[in-house]
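First up is the structure itself, then whatever we jot down about it.
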There are 2 protein chains.
Amino acid sequence: MSVTAPAKITNRLVQLLPADEQHQLLLQCEVVDMQFGQILCEPGQPYPYLYFPLHGFVSLLAPLSGHIPLEMCLMGNEGMLGASLVLGIETAPMQAIVQGKGSAWRIRPEALQTLLEECVQLRRTLQQYLFLQFRQLSQSAACGHFHELPQRLARWYLMSDDRTQCDEFYLTHQFLAGMLGVRRSGVTVAAGKLQKQHLIRYNRGMVHILDHEALRQMSCECYGAGLDDYRNILGIPSTGALLRQSFSTNTP
Amino acid sequence: MSVTAPAKITNRLVQLLPADEQHQLLLQCEVVDMQFGQILCEPGQPYPYLYFPLHGFVSLLAPLSGHIPLEMCLMGNEGMLGASLVLGIETAPMQAIVQGKGSAWRIRPEALQTLLEECVQLRRTLQQYLFLQFRQLSQSAACGHFHELPQRLARWYLMSDDRTQCDEFYLTHQFLAGMLGVRRSGVTVAAGKLQKQHLIRYNRGMVHILDHEALRQMSCECYGAGLDDYRNILGIPSTGALLRQSFSTNTP
DNA sequence: CCTGATCGGTGCTGTAACGCACAGACCCGC
DNA sequence: GCGGGTCTGTGCGTTACAGCACCGATCAGG
């Protein structure tokens with residue numbers, strides 16, 4: 001079994017569980033790669049699998065006929081895909097697609113359903129995470145309506161960075177445009193501004209985050225609100241700036 | 001007890017419950033008036049009460065500093081305020097405010113928590129309704145981003161009409177502007193178009209729906225999607241056009 | 001090495017909103 | 001009947017996008 005992955009490569013929701021529940025859960029999981037662009041579920045369709053990302057990240061998208069699906073929620077190893085199963089409903093509310101390739105523990109919905117009946121903390125954690133998604137959804141909706149592109153873009157870069165945890169990831173303007181529901185050339189202009197100010201650097205899709213702090217000041221309040229929510233609801237910091245600090249002081 | 005209200009004035013979620021659960025629930029409820037503009041809960045704060053609207057309707061709003069809160073979800077007697085309690089979390093995810101005055105059954109969160117442990121169908125129904133809200137949230141987010149004001153406005157009038165069930169309600173342009181996240185004068189222009197086409201008529205806040213069918217054609221797909229969702233998830237038609245038909249054929 | 005595809009920069013025009021301001025119509029209370 | 005508040009209509013300049021088009025730079029494959 002690949003349970004004994006490197007310490008940092010794990011899933012933070014699973015980490016919250018007591019040892020016995022972790023063990024039960026991981027017995028039912030298998031490690032899989034997530035390919036860039038892979039579609040993990042479709043709205044209204046049953047989940048084929050549920051995923052606990054280890055690295056890489058996944059987007060939840062809301063499709064609207066005649067438009068490219070709009071991103072509602074970004075999910076890395078601080079979250080999971082399929083928390084709505086805790087409501088006893090087997091169909092997915094939204095589309096999920098892999099935005100940053102990586103790996104995940106995956107589990108069959110039936111298996112998780114069974115576990116949910118026995119494991120108190122697992123159920124509790126999934127409930128909390130679902131509540132968190134609820135908050136994020138409403139935050140993103142308001143953000144997309146009121147805030148302007150450069151701010152939203154900065155937020156997006158920061159969120160992606162938090163979830164990849166390596167200051168470098170692959171993301172073309174074209175793709176970002178889809179997520180944010182704007183034109184590709186709009187992204188180019190906004191990203192160009194950030195690059196000119198040396199907050200980021202990019203080339204043919206590879207993005208480097210150069211200055212977190214300045215990027216954060218450029219971004220809208222929604223980024224910080226997301227971090228706060230995570231801490232308040234789950235009781236631990238998300239993979240955000242706070243976590244990065246504690247990590248960087250711990251690295252040898 | 002005021003449980004024996006007129007047959008049509010009830011809550012459709014409660015109606016879904018078996019008789020014994022209904023009885024248990026209503027024993028813990030009291031009937032209250034909902035005043036226009038009354039704030040029923042605040043995001044991040046515990047719910048003082050939970051509400052099953054009987055008539056009138058309530059909005060869920062997402063606040064963003066520097067802006068008027070944006071509406072995420074509209075709730076009449078087809079829904080309830082506080083379904084997120086089924087996740088075991090006592091704080092409200094969003095603000096709720098009374099948009100159309102009316103009445104409701106209200107219950108203390110602790111009382112509902114207790115009932116949830118015993119009543120299987122109550123829990124199931126609240127879970128389904130929460131899932132539905134999840135869908136509506138993402139739909140509204142995408143709608144607010146891509147669709148244009150006249151379409152969104154038509155949708156809003158239809159949704160309000162469904163929830164008041166009387167083709168006439170009080171809603172000023174100013175208020176609508178807040179809900180939709182646009183200027184008041186923008187609403188005036190859009191509503192003026194609808195009035196010129198004889199789809200609605202309004203005067204100093206009193207709105208009459210004149211032509212449902214035409215209004216529906218004018219509205220975006222999101223209106224129909226909401227009705228479909230309700231039927232698919234809860235298994236009964238919402239208080240939408242379909243229901244109105246069956247009602248109108250039943251009235252003496 | 002050529003070819004085709006992808007990525008990103010740039011520049012137009014068009015438009016749905018914005019912010020702001022003002023004025024008429026109507027209602028209510030003193 | 002007067003005055004103040006609310007509701008609605010309207011106009012103006014501004015702005016952040018959309019939509020479209022075209023370009024060069026870079027990369028991958030035969």
Side-chain angles (χ1 to χ4, degrees), chain A residues 36-37 64 66-70 99-101 141-157 168-197 199-208 218 220, chain B residues 36-37 64 66-68 70 99-101 141-157 168-197 199-208 218-220:
Chain A
F36 177 76
L64 213 53
H67 298 275
I68 291 172
L70 188 62
Q99 295 291 342
K101 68 175 192 138
C143 177
H145 193 86
F146 290 119
H147 293 152
E148 285 162 16
L149 190 45
Q151 280 68 46
R152 290 204 289 141
L153 188 62
R155 179 190 173 208
W156 218 93
Y157 279 133
E168 181 179 31
F169 41 89
Y170 181 79
L171 262 189
T172 67
H173 293 177
Q174 184 74 62
F175 225 90
L176 272 167
M179 298 298 101
L180 299 171
V182 296
R183 286 170 316 151
R184 194 270 312 163
S185 54
V187 173
T188 298
V189 172
K193 280 182 197 166
L194 298 180
Q195 182 161 240
K196 243 167 228 144
Q197 296 179 252
L199 308 187
I200 59 171
R201 199 178 66 231
Y202 56 85
N203 183 274
R204 296 187 74 75
M206 280 313 298
V207 183
H208 295 246
M218 175 69 68
C220 53
Chain B
F36 178 76
L64 213 54
H67 298 274
I68 291 172
L70 188 63
Q99 296 292 343
K101 68 176 192 138
C143 177
H145 192 87
F146 289 119
H147 293 152
E148 286 162 17
L149 189 45
Q151 280 69 46
R152 289 204 290 141
L153 187 63
R155 178 189 174 208
W156 218 92
Y157 279 132
E168 181 179 31
F169 41 90
Y170 181 81
L171 263 189
T172 68
H173 293 177
Q174 184 73 64
F175 226 90
L176 272 167
M179 298 298 101
L180 298 171
V182 296
R183 286 170 316 152
R184 194 271 312 161
S185 53
V187 173
T188 298
V189 172
K193 281 182 196 165
L194 298 179
Q195 182 161 241
K196 243 168 228 146
Q197 297 180 251
L199 308 187
I200 59 170
R201 198 177 67 230
Y202 56 85
N203 184 275
R204 297 187 72 74
M206 280 313 297
V207 182
H208 295 246
M218 174 68 68
S219 78
C220 54

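In what follows, chains are A, B, ... by sequence order, proteins preceding strands, each numbered from 1. Note that the structure is a prediction, hence the values are computed from the model and not measured. Side-chain atoms are counted along with the backbone in the values below, which use heavy atoms only and exclude waters and symmetry mates.
Of the listed residues (M179(A), Q174(A), H173(A)), just one forms a side-chain contact (heavy atoms from CB on, under 4.5 Å) with V187(A), and that residue is H173(A). The residue from M206(B), E168(B), Q195(B) that alone fulfils the side-chain contact (heavy atoms from CB on, under 4.5 Å) condition with R201(B) is Q195(B).
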Could you walk me through whether L70(A) and L64(A) pass the side-chain contact (heavy atoms from CB on, under 4.5 Å) test, one step at a time? CA-CA 8 Å; L70(A) 188 62; L64(A) 213 53; over 6 Å; no
Verdict with supporting geometry, H145(A) and H145(B), side-chain contact (heavy atoms from CB on, under 4.5 Å): CA-CA 6 Å; H145(A) 193 86; H145(B) 192 87; over 6 Å; no
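Nucleic acid contact for T172(A): sugar-phosphate only, since backbone atoms but no base atoms lie under 4.0 Å from a heavy atom of the residue. Among the atoms of the strands shown, only primed sugar atoms or phosphate atoms (P, OP1, OP2) are found under 4.0 Å from some heavy atom of Y170(B).
Residue order along DNA chain D, read from the 5' end via each residue's closest nucleotide, puts G205(B) first among H67(A) and G205(B).
The two residues P150(B) and K193(B) have their closest heavy-atom pair at CG-NZ, 4.4 Å.
For dC27(D), the base has no donor-acceptor partner in the side chain of R204(A) [N/O atoms by modelled type, under 3.5 angstrom]. Contact annotation: side chain of R184(B) to base of dG19(C), donor-acceptor pair absent below 3.5 Å.
Closest approach to the S185(A) side chain among dG9(C), dC20(C), dG11(C) is made by dG11(C) (side chain taken as heavy atoms from C-beta onward).
Summarising the geometry, the separation between NZ on K196(A) and C1' on dT10(C) is reported as 11 Å, rounded to the nearest angstrom. As a whole-Å value, the separation of R201(B) CZ from dT8(D) P is 14 Å. M206(B) has its CE atom 15 Å from the C1' atom of dC27(C), to the nearest Å. Counting to the nearest Å, the P atom of dG24(D) and the CG atom of N203(A) are 19 Å from each other. Distance NE2 (H173(A)) to P (dA5(C)): 22 Å, rounded to an integer number of Å. For the pair F146(A) CZ and dC18(C) C1', the computed distance is 12 Å after rounding to whole Å. Rounded to whole angstrom, the span from the CZ atom of F175(A) across to the P atom of dT6(C) amounts to 13 Å.
F175(A) has its ring centre less than 6.0 Å from the ring centre of F36(A).
Under 4.0 angstrom from either OP1 or OP2 of dG9(D) there lies at least one side-chain N or O belonging to Y202(B). For dG9(C), the OP1/OP2 oxygens have a side-chain nitrogen or oxygen of Q195(A) closer than 4.0 Å.
L176(B) is listed as a side-chain neighbour of Y157(B), based on a closest heavy-atom distance under 4.5 Å.
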Output a table of nitrogen or oxygen pairs between the protein and nucleotides 16-18 of chain D separated by less than 3.5 Å.
unit_1	atom_1	unit_2	atom_2	d
dC17(D)	OP1	L149(A)	N	2.9
dA18(D)	OP1	G181(A)	O	3.4
dA18(D)	OP2	R183(A)	N	3.1
dA18(D)	OP2	R183(A)	NE	3.0
dA18(D)	N7	R183(A)	NE	3.3
dA18(D)	N7	R183(A)	NH1	3.3
dA18(D)	N7	R183(A)	NH2	3.3

